[in-house]
Every structure is written in C-alpha cells, then in structure tokens.
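For reference, the structure is listed below as structure tokens.
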Amino acid sequence: ETGVTQTPRHLVMGMTNKKSLKCEQHLGHNAMYWYKQSAKKPLELMFVYSLEERVENNSVPSRFSPECPNSSHLFLHLHTLQPEDSALYLCASSQGGSTSYEQYFGPGTRLTVT
Amino acid sequence: GQSLEQPSEVTAVEGAIVQINCTYQTSGFYGLSWYQQHDGGAPTFLSYNGLDGLEETGRFSSFLSRSDSYGYLLLQELQMKDSASYFCAVRKQAGTALIFGKGTTLSVSS
C-alpha cells in the first residue's frame with residue numbers, strides 16, 4: 001500500500017448506528033487531518049493531529065470522535081449522526097511543521113446518513 | 001471572519017491558457033497552496049507560494065501578492081485531463097492546517 005488509504009469507501013448508516021472510519025498513511029508523515037467535504041461547500045477542517053496529539057478541533061459536534069493511536073493511523077468514530085452529516089470525509093497527512101502546506105489526501109469515505 | 005474567494009466555474013478550450021484567481025481575508029497568513037481534485041477523486045497538491053512572486057511547475061504556475069491578499073493559478077496548454085476542481089488554501093500559521101476556498105470547476109473542451 002502506498003500513500004493514504006481510507007476504509008470503507010462508502011458507508012450508509014442510520015441515525016442510531018455507531019461506525020468508525022479508518023485512515024492509514026504509508027508516507028512516514030507525523031501530522032494527520034480529518035476534513036468534511038459537502039456539495040457546494042469548501043473542505044471543512046475537522047481535526048488535526050500532530051505527533052499523535054490533537055492540536056486542532058474546529059468546533060465539531062461531539063457525535064464525531066477522533067482517535068489517533070499512532071502516527072500512521074487515524075480513526076473517526078461516528079454515533080448518533082444527523083442527515084446533514086452526509087458528506088465525503090477525507091483524511092490527509094503531511095510532514096507537519098514547515099511543510100504542512102503540502103497535504104496528501106486519501107480517496108475519502110462517502111457517508112450517507114439515513 | 002475568514003474568507004477565500006475564487007470563481008465557481010471557468011471554461012476553456014484545449015491548448016488555451018486559463019487563470020484562476022483567489023483573494024483571501026484571513027486572520028493570519030503564512031502562504032497559499034493550490035490543489036486539484038478530479039470528480040470522485042482526492043485533492044492533490046499542485047503548488048505553494050510562501051513569498052510574493054511566481055512559482056512555475058511545468059504547465060502550471062502560481063502567483064502570490066501578499067500586499068493585495070491575492071493569488072492565482074495559471075494553467076497553460078490546457079488538456080482535457082485538466083478538467084477538475086481547483087482549490088486555493090491559506091496556511092494561517094506555520095505548522096497548522098489549511099483553510100480552503102470553495103473551489104473553481106474548470107471545464108476544458110476540444
């Protein structure tokens with residue numbers, strides 16, 4: 001595997017379900033990010049982890065819970081979601097520090113909340 | 001508040017040159033990045049300007065004027081495969097994440 005991988009690629013869940021999105025980077029980076037991409041809206045930063053420590057949380061509802069067990073893996077735990085949470089969820093990684101402007105994105109998970 | 005403005009759509013023909021502008025208003029500025037995203041694909045990094053001036057990478061160039069809070073992406077010798085969305089993104093501080101614009105959809109026709 002190379003680059004940034006995300007699983008699952010597609011997910012349909014009910015509002016009462018609990019699911020997790022997984023992201024793995026094979027680039028040796030030390031910063032990882034979760035973004036939400038909705039139609040007609042810019043990519044919205046959700047969380048930033050640097051050296052496994054959460055350094056940014058952009059006022060994301062508590063029904064989204066990130067976890068970064070090590071520098072290569074990032075999870076987004078989902079529970080009690082709302083239909084407006086349906087979107088493409090993108091994970092990204094970067095070397096962090098002075099090169100955080102160059103982020104490598106995974107293919108995303110297309111989430112549909114019914 | 002913070003905002004990045006770029007045109008929502010641009011159309012051009014193969015072989016042409018197109019310029020996608022980006023103006024920004026952010027509380028802090030460290031540099032401007034550009035990303036390309038094909039339909040159904042992931043955003044991919046194109047270029048970065050940390051200083052004023054022009055950066056050239058093959059057919060693509062990016063320009064920044066910090067005094068004008070303005071930058072642009074210049075695509076030359078357009079090809080059909082350049083049809084995609086292009087996002088500008090501001091890096092507010094060293095070591096932090098990016099703020100993205102809404103993106104410009106470029107359609108290249110033959």
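In this text the structure is predicted, and so the values were computed from the model without any measurement.
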**Part of S33(B) within contact of chain A (heavy atom distance under 4.5 Å)** =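 Side chain only.
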task: Pick whichever of E44(A), E102(A), Q37(A), Q6(A) has the most heavy-atom pairs under 4.5 Å with chain B.
output: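 If we count pairs closer than 4.5 Å to chain B, E102(A) comes out on top.
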Output the distance between atom OG (S100(A)) and atom OH (Y48(B)), rounded to the nearest 0.5 Å.
->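 OH of Y48(B) is found 7.5 Å from OG of S100(A).
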Taking atom [atom1] of [X] as the centre, does the number of heavy atoms from other residues, nucleotides or ligands within less than 6.0 Å exceed 12?
{"X": "Y24(B)", "atom1": "OH", "answer": "yes"}
{"X": "M15(A)", "atom1": "CE", "answer": "no"}
{"X": "D68(B)", "atom1": "CG", "answer": "yes"}
{"X": "Q79(B)", "atom1": "CD", "answer": "yes"}

key: Check: P43(B) and L43(A) side chains under 4.5 Å, non-hydrogen atoms   =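 L43(A) reaches P43(B) side chain to side chain.
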- prompt: For the residue pair Y35(B) and F105(A), is the inter-centroid distance of their aromatic rings smaller than 6.0 Å?
  reply: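 Between F105(A) and Y35(B), which both carry aromatic rings, the centre distance is below 6.0 Å.
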Atom of [X], atom of [Y] and distance for their closest heavy-atom approach:
{"X": "P107(A)", "Y": "A42(B)", "result": "CA-CB, 4.0 Å"}
{"X": "L98(B)", "Y": "L45(A)", "result": "O-CB, 4.5 Å"}
{"X": "Y101(A)", "Y": "R91(B)", "result": "CD2-NH1, 3.6 Å"}

For residues [X] and [Y]: do they belong to one hydrophobic cluster (side chain heavy atoms under 4.5 Å, members Ile, Leu, Val, Met, Phe, Trp, Tyr)?
{"X": "W34(A)", "Y": "M32(A)", "result": "yes"}
{"X": "L88(A)", "Y": "V12(A)", "result": "no"}
{"X": "I17(B)", "Y": "Y86(B)", "result": "no"}

| request: Measure the acute angle between the ring planes of F100(B) and Y35(A), then classify it against the limits of 30° and 60° as parallel, tilted or perpendicular. | output: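 Aromatic pair F100(B)/Y35(A) classed perpendicular.
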